[in-house]
There are 2 protein chains.
Amino acid sequence: MPDAHHTTRARQRELTRGALVREGRRLFAAEGYAAVGLAEIVRAAGVTKGALYHHFDGKAALFRAVLEVVQQEVAGRVAAAAGAEDDPWAQLTAGCRAFLTAGTDPEVQRIMLLDGPAVLGWNEWRALDEAASARHLTEALAGLTAAGEIPPQPVEPLTRLLSGAMNEAALWLASSHGPTDLDDTWAALSRMLEALRAGPPAR
Amino acid sequence: MPDAHHTTRARQRELTRGALVREGRRLFAAEGYAAVGLAEIVRAAGVTKGALYHHFDGKAALFRAVLEVVQQEVAGRVAAAAGAEDDPWAQLTAGCRAFLTAGTDPEVQRIMLLDGPAVLGWNEWRALDEAASARHLTEALAGLTAAGEIPPQPVEPLTRLLSGAMNEAALWLASSHGPTDLDDTWAALSRMLEALRAGPPAR
DNA sequence: TCCTTTCACATACCGATGGTATGTGAAGTA
DNA sequence: TACTTCACATACCATCGGTATGTGAAAGGA
């Protein structure tokens, strides 16, 4: 029997792996993927490189594990914000707003938005993103089109456009010091979303 | 007198630098920034590492020079498409469409959209982007708001949202094989742009 | 209980890479 | 011609990601 977690070995294993992911996340976020070495990570975690290569296939694999944690956290915040609403449309807007604010966190930025695509490649990054938060966006949009609140159209391009817009906006917000920048950005994004609901304007 | 370009030395200098940028671009685009070594670049260019470090401060500086070339090319295509139109609104849409198609080029993708922000940092990447193509977008939006075609609002957030949407859409298009994906994406983006012109819908 | 196996690491080591310090010969200059 | 400058080439180094192997404690069976 695996006896997961209750044996001495399983407990220690989880502890070591957790420390590696935790310190890896801290250092990757602080200095960036390329700037931090494995020696620094294992020293901070109190282990050696042998432990790291026992748990992960390499530096990129550790980063991938870190990215998964970060994305799950962001997805949790988005889902919580959306879950607090009843109306499907309100759920979409609340989720987008939560994502926008979550993206302003420097840790999220560096790991999820900057290094993520470059280190893992865009396809793998997108697969993780899809599994975490982008899935909610797709489902929300699909539900709204099915309900007739959004004119029928492929949801995939819409998801990518909105996701990219929010990612870039979050990165910009981090390096802009205007007090109204967040509000202005949200106002513009909100107008984009409203335009979806209203459908294409009569010409 | 500098005698720029007409002396033997200046001519040779330009040749060497050009070869480094050209081969660097080819290799960076093909394998990605991290995967290609300086030895490979200088061998392809027919010089040595001494030449590279004579012209550039390091690997990142060479990449920066490559990125500038790529961004100028994209900006040229966007400006050409926009310049073919007379109406300011048609210029905006034509420019956006040109940018979207330009972004599907694998070379542009890898260098400008994937490695660019991660290698140089988002702030420096954005400064280059602003100097090249994003400036046109900002000016077009500013002109349209001044002309009353777009409701008055800060143009900076709008620029970032649209720029991010197009960047992400271009990356997605590269790895999607649906024949109508490009058309669908452009249709969705076009609706977003139209929504700007129409202004916020009555609620 | 004793022996064996497995596992979760630690230790030692290697090739490759970005970067630097220095040498060199031709092009420019007085 | 003598001297200086420049555009590289050569030689070298520290560090990094990755690997191969060793090791001692925990798990499992008799």
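Throughout, a chain's letter reflects where its sequence line sits, starting with A, and its residues are numbered from 1. Bear in mind the structure is a predicted one, so any value in this text is a computation, not a measurement. Reckoned from all heavy atoms, side chains included, excluding hydrogens, waters and symmetry mates.
Between Leu137(B) and Val155(B) the shortest side-chain heavy-atom distance does not fall below 4.5 Å.
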Step-by-step side-chain contact (heavy atoms from CB on, under 4.5 Å) determination, Trp172(A) to Leu161(B):
CA-CA 9 Å; Trp172(A) 174 69; Leu161(B) 284 169; over 6 Å; no
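Rounded to an integer number of Å, the gap from CD of Gln12(B) to P of dA26(C) is 14 Å. What separates NZ of Lys59(B) from P of dG19(C) is a distance of 8 Å, to the nearest Å. Here the P atom of nucleotide dG18(C) and the CZ atom of Arg43(B) are 12 Å apart, to the nearest Å. The interatomic distance linking Phe63(B) (CZ) with dG19(C) (P) rounds to 14 Å, in whole Å. Rounded to whole Å, atom C1' of dG17(D) lies 13 Å from atom CG of Asp57(A). In this entry the distance linking CZ of Phe56(B) with P of dG18(C) reads 15 Å, nearest Å. The nearest whole Å value for the distance from the CD atom in Glu14(A) to the C1' atom in dC9(C) is 15 Å. The distance from atom CG of Leu38(A) to atom P of dT17(C) is 17 Å, rounded to the nearest whole Å.
Arg13(A) comes within contact range of the sugar-phosphate backbone alone, with a heavy-atom separation under 4.0 Å but no base atom that close. Among the heavy atoms of the strands lying under 4.0 Å from Gly37(A) are primed sugar atoms or P, OP1, OP2 only; no base atom is included. Counting any heavy atom pair closer than 4.0 Å across all strands shown, Val36(A) reaches sugar-phosphate atoms only and no base atom.
One finds the CD atom of Glu149(A) at 7.0 Å from the CH2 atom of Trp89(A) (value rounded to the nearest 0.5 Å). The CZ atom of Arg126(B) sits 8.0 Å away from atom CG of Asn123(B), with the distance rounded to the nearest 0.5 Å.
Here Thr7(A) reaches the OP1 or OP2 of dA27(D): one of its side-chain N or O atoms lies under 4.0 Å away. Residue Thr16(B) has no polar side-chain atom (N or O) positioned under 4.0 Å from OP1 or OP2 of dA7(D). For His54(B), a side-chain nitrogen or oxygen approaches OP1 or OP2 of dA7(D) to under 4.0 Å. Applying the 4.0 Å criterion to OP1 and OP2 of dC9(C), one finds that His55(A) has a side-chain N or O inside that range. Distances shown here put a side-chain N or O of Thr8(A) below 4.0 Å from the OP1 or OP2 atom of dA27(D).
Between Tyr53(B) and Arg9(B), it is Tyr53(B) whose nearest contact on DNA chain C lies nearer the 5' terminus.
A side-chain contact (heavy atoms from CB on, under 4.5 Å) with Gln71(A) is found for one member of Val66(A), Ile111(A), Asp129(A) and no other, namely Asp129(A).
The side chain of Lys49(B) lies closest to dG18(C), out of dG18(C), dA10(C), dG17(D).
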